[in-house]
Chemist: 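Before we start, here is the structure in question, set down as structure tokens.
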Amino acid sequence: MTSPYAPLQNNTFLRACLRQATPYTPVWLMRQAGRYLPEYKATRARAGSFMGLATSPELACEVTLQPLERFPLDAAILFSDILTVPDAMGLGLSFAEGEGPRFAKVVRDEAAVAELRVPDMQKLRYVFDAVATIRKALNGRVPLIGFSGSPWTLACYMVEGRGSDDFRHVKALMYARPDLMHQMLSVLADSVAEYLNAQIDAGAQAVMVFDSWGGALADGAFQQFSLAYTQRVLKRLKSIGTDGQRVPSIVFTKGGGLWLPQMSALPCDVLGVDWTVNLGIARAQVGGEVGGRGHTLQGNIDPAVLFASAPQIEAQVAKILESFGLPHTDASTTGPTHIFNLGHGISQFTPPESVAVLVEAVHAYSRAMRR
């Protein structure tokens with residue numbers, strides 16, 4: 001297959017996703033293109049609003065590339081929002097300055113659930129155009145990650161109408177009318193799968209499912225209402241991209257460390273973990289053996305570490321890398337591998353110079369470990 005895109009110059013991230021040996025531990029950051037960068041704020045001001053920025057392929061490309069101009073990150077992630085799918089379902093997404101996302105319509109009863117359909121993907125054309133634009137602009141520098149919110153996480157926002165501290169409405173619906181919740185999650189799982197496949201068709205080289213609110217569920221409810229529908233999404237994903245290469249899949253469940261052994265059954269390549277998880281224990285649970293099956297681990301430094309001094313950031317980076325231990329180094333087979341990331345998204349108040357310290361420390365220390 002002839003690719004319309006330039007060949008990759010740095011495939012370290014994709015190799016790590018597929019449990020292949022790498023010369024160092026690759027690093028990228030959740031929300032790396034965002035509010036902590038002054039150049040992002042300037043671009044958003046030009047766009048006039050968050051949705052104005054997200055729906056412009058050219059501006060989305062600009063902010064996706066901004067962190068790569070500053071830091072030698074090993075992957076780019078599409079600049080978009082996890083809530084584009086419910087917006088395309090007609091719920092009316094908006095962002096008030098400093099308030100986060102809000103929907104004009106909420107889904108809380110039988111009639112509202114009955115109206116839900118997999119959206120026409122043409123309504124999300126701006127996302128796929130952004131993927132293609134970014135992929136061309138990257139010119140093979142690093143791979144591009146596409147993403148979506150998980151079915152459960154999307155349902156949380158659709159029922160609550162906005163972010164929530166207690167998830168009162170969505171949990172009330174789940175317990176009172178589990179049939180309605182399953183109906184909603186089924187439509188969402190099919191929508192997310194179609195959405196991610198369209199991103200792959202547009203040029204995404206890896207895709208990630210953000211199960212941001214899976215950890216808000218009780219044991220038992222997580223398996224039934226979050227894990228099962230994430231699995232449904234993954235089973236429907238394309239595995240080969242536009243250039244004929246494997247497209248790895250990543251699942252990140254914030255607060256999901258308790259369920260890692262059960263998540264090891266997910267048909268994805270990478271499991272992201274938050275900062276509450278010990279990487280050495282997680283590796284023993286899901287990392288697999290050299291030559292055997294397993295999952296790459298992604299994470300998991302506390303984003304608040306980036307408010308510390310440079311020596312303290314470097315010490316915490318070393319601690320995380322040592323916690324995982326030496327990744328396998330045999331280029332002839334697969335084995336336990338690690339992708340360095342934060343345990344959640346980067347804070348908007350993070351000094352950019354702290355990110356530079358982090359990325360340099362990850363690359364330098366992880367190379368030294370392999371010598």
Side-chain angles (χ1 to χ4, degrees), residues 12-13 15-17 19-32 36 67 70-75 77 208 212 215 250-261 263-264 269-290 294-329 335-371:
T12 315
F13 164 77
R15 289 181 59 80
C17 285
R19 301 179 72 244
Q20 297 170 4
T22 58
Y24 62 89
T25 299
V27 55
W28 70 277
L29 307 177
M30 289 185 277
R31 294 196 196 130
Q32 66 188 26
Y36 72 105
R70 279 183 178 258
F71 319 115
L73 295 155
D74 294 291
I77 184 163
M208 182 158 169
S212 306
I250 308 166
V251 173
F252 171 66
T253 298
K254 186 169 185 289
L258 168 70
W259 302 299
L260 263 184
M263 292 174 72
S264 68
D269 300 286
V270 184
L271 290 172
V273 291
D274 66 22
W275 61 83
T276 65
V277 172
N278 177 284
L279 281 183
I281 295 172
R283 175 177 176 166
Q285 290 174 323
V286 304
E289 301 295 329
V290 173
H295 287 79
T296 298
L297 282 166
Q298 179 174 279
N300 68 336
I301 202 166
D302 184 341
V305 167
L306 291 168
F307 296 111
S309 68
Q312 290 165 324
I313 293 169
E314 290 164 352
Q316 291 299 318
V317 165
K319 188 175 175 182
I320 294 290
L321 290 168
E322 287 168 2
S323 172
F324 181 85
L326 181 66
H328 95 101
T329 54
T337 46
H338 176 213
I339 296 163
F340 201 100
N341 208 312
L342 307 176
H344 198 226
I346 192 168
S347 163
Q348 63 176 303
F349 305 109
T350 302
E353 51 271 23
S354 294
V355 176
V357 172
L358 176 97
V359 174
E360 171 57 31
V362 172
H363 285 159
Y365 198 90
S366 65
R367 281 186 190 277
M369 284 178 74
R370 287 163 169 80
R371 288 192 191 118

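Just so it is clear, the values below take in all heavy atoms, side chains as well, and ignore hydrogens, waters and symmetry mates. One is the number of the first residue; the rest follow in order along the sequence.
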Chemist: I need the minimum non-hydrogen distance between Thr350 and Ile346, along with the two atoms involved.
Modeler: OG1-CG1, 3.5 Å
Chemist: Can Gln348 and Arg31 be said to form a side chain to side chain contact (heavy atoms under 4.5 Å, CB included), step by step?
Modeler: CA-CA 9 Å; Gln348 63 176 303; Arg31 294 196 196 130; over 6 Å; no
Chemist: Do side-chain atoms of Gln32 reach the backbone of Ala75 as a donor and acceptor pair under 3.5 angstrom?
Modeler: yes
Chemist: Please tell me if the side chains of Gln298 and Met208 come closer than 4.5 Å, counting only heavy atoms from C-beta onward.
Modeler: yes
Chemist: Indicate yes or no: at least one non-hydrogen side-chain atom of Ile250 is less than 4.5 angstrom from one of Ile339.
Modeler: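 Side chain of Ile250 against side chain of Ile339, heavy atoms only: no contact under 4.5 Å found.
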Chemist: Evaluate the criterion side chain to side chain contact (heavy atoms under 4.5 Å, CB included) for residue pair Arg70 and Val355; output intermediate values, then yes/no.
Modeler: CA-CA 9 Å; Arg70 279 183 178 258; Val355 176; over 6 Å; no
Chemist: Does any part of the side chain of Thr337, heavy atoms only, come nearer than 4.5 Å to the side chain of Gln20, both counted from C-beta?
Modeler: no
Chemist: Return the set of residues passing salt bridge (charged side-chain N to carboxylate O under 4.0 Å, His left out) with Asp74 (not counting sequence neighbours), or none when no residue passes.
Modeler: none
Chemist: For the CD atom of Gln285 and the CH2 atom of Trp259, what is their distance to the nearest 0.5 Å?
Modeler: 13.5 Å
Chemist: Using a 4.5 Å cut-off on heavy atoms from C-beta on, say whether the side chain of Glu314 contacts that of Val357.
Modeler: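 SC-SC contact between Val357 and Glu314 confirmed.
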Chemist: Can you establish whether the number of heavy atoms outside Glu289 located under 6.0 Å from its atom CD is more than 12?
Modeler: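 No, CD of Glu289 has 12 or fewer neighbouring heavy atoms, counting only those of other groups under 6.0 Å.
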Chemist: Filter on ring-ring contact (aromatic ring centres under 6.0 Å, His included), then keep only pairs touching residues 298-318, sequence neighbours left out; what's left?
Modeler: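 Checked against ring-ring contact (aromatic ring centres under 6.0 Å, His included) - neighbours excluded - no pair reaches residues 298-318.
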Chemist: Return the OH to CG distance between Tyr24 and Leu321, rounded to the nearest 0.5 Å.
Modeler: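 Rounded to the nearest 0.5 Å, the OH-CG separation comes to 13.0 Å.
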Chemist: So, the side chain of Asn300 versus the backbone of Val277: is there a donor-acceptor pair under 3.5 Å, distance only?
Modeler: yes
Chemist: Do the non-hydrogen side-chain atoms of Phe340 and Val317 ever get within less than 4.5 Å of each other?
Modeler: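 Yes. Closest side-chain heavy atoms under 4.5 Å.
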Chemist: Could you state the interatomic distance from NE2 (His363) to OG1 (Thr25), rounded to the nearest 0.5 Å?
Modeler: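 The NE2 atom of His363 sits 8.5 Å away from the OG1 atom of Thr25.
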Chemist: From Ser366 OG over to Arg371 CZ, what is the distance, rounded to the nearest 0.5 angstrom?
Modeler: 9.5 Å
Chemist: When rounded to the nearest 0.5 angstrom, what distance separates CG in Leu297 from CG in Leu260?
Modeler: 7.0 Å
Chemist: If you apply the rule side chain to side chain contact (heavy atoms under 4.5 Å, CB included), what do you find for Ile301 with Gln316, and how did you get there?
Modeler: CA-CA 8 Å; Ile301 202 166; Gln316 291 299 318; 3.9 Å; yes
Chemist: Judged by atom type as modelled, is there a donor-acceptor pair below 3.5 Å linking the side chain of His338 to the main-chain atoms of Leu326?
Modeler: no
Chemist: Parallel, tilted or perpendicular: which one describes the rings of Phe71 and Tyr36, with boundaries at 30° and 60°?
Modeler: parallel
Chemist: Considering only heavy atoms from C-beta outward, does the side chain of Val286 approach that of Pro261 to under 4.5 Å?
Modeler: no
Chemist: With no hydrogens and no angle check, is any side-chain donor or acceptor of Asp274 less than 3.5 Å from a backbone partner on Gly255?
Modeler: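 Yes, Asp274 side chain to Gly255 backbone: donor-acceptor pair under 3.5 Å.
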Chemist: Between Thr22 and Arg370, does a side chain to side chain contact (heavy atoms under 4.5 Å, CB included) hold up when you go through it step by step?
Modeler: CA-CA 9 Å; Thr22 58; Arg370 287 163 169 80; 3.4 Å; yes
Chemist: Does Phe324 offer a backbone N or O that forms a donor-acceptor pair with the side chain of Arg283 under 3.5 Å?
Modeler: yes
Chemist: With a 4.5 Å cut-off on side-chain heavy atoms, are Ser354 and Ile313 touching?
Modeler: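 Yes. Closest side-chain heavy atoms under 4.5 Å.
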Chemist: Apply side-chain hydrogen bond (donor to acceptor under 3.5 Å, both in side chains) to Glu360 and list each qualifying residue two or more places apart in sequence or on a separate chain.
Modeler: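 With sequence neighbours excluded, Glu360 shows a side-chain hydrogen bond (donor to acceptor under 3.5 Å, both in side chains) to no residue whatsoever.
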Chemist: Look only at the side chain of Thr296 and the backbone of Ala16, and say whether a donor-acceptor pair between them is shorter than 3.5 Å.
Modeler: yes
Chemist: To the nearest 0.5 Å, tell me how far Leu258 CG sits from Thr276 OG1.
Modeler: 9.5 Å
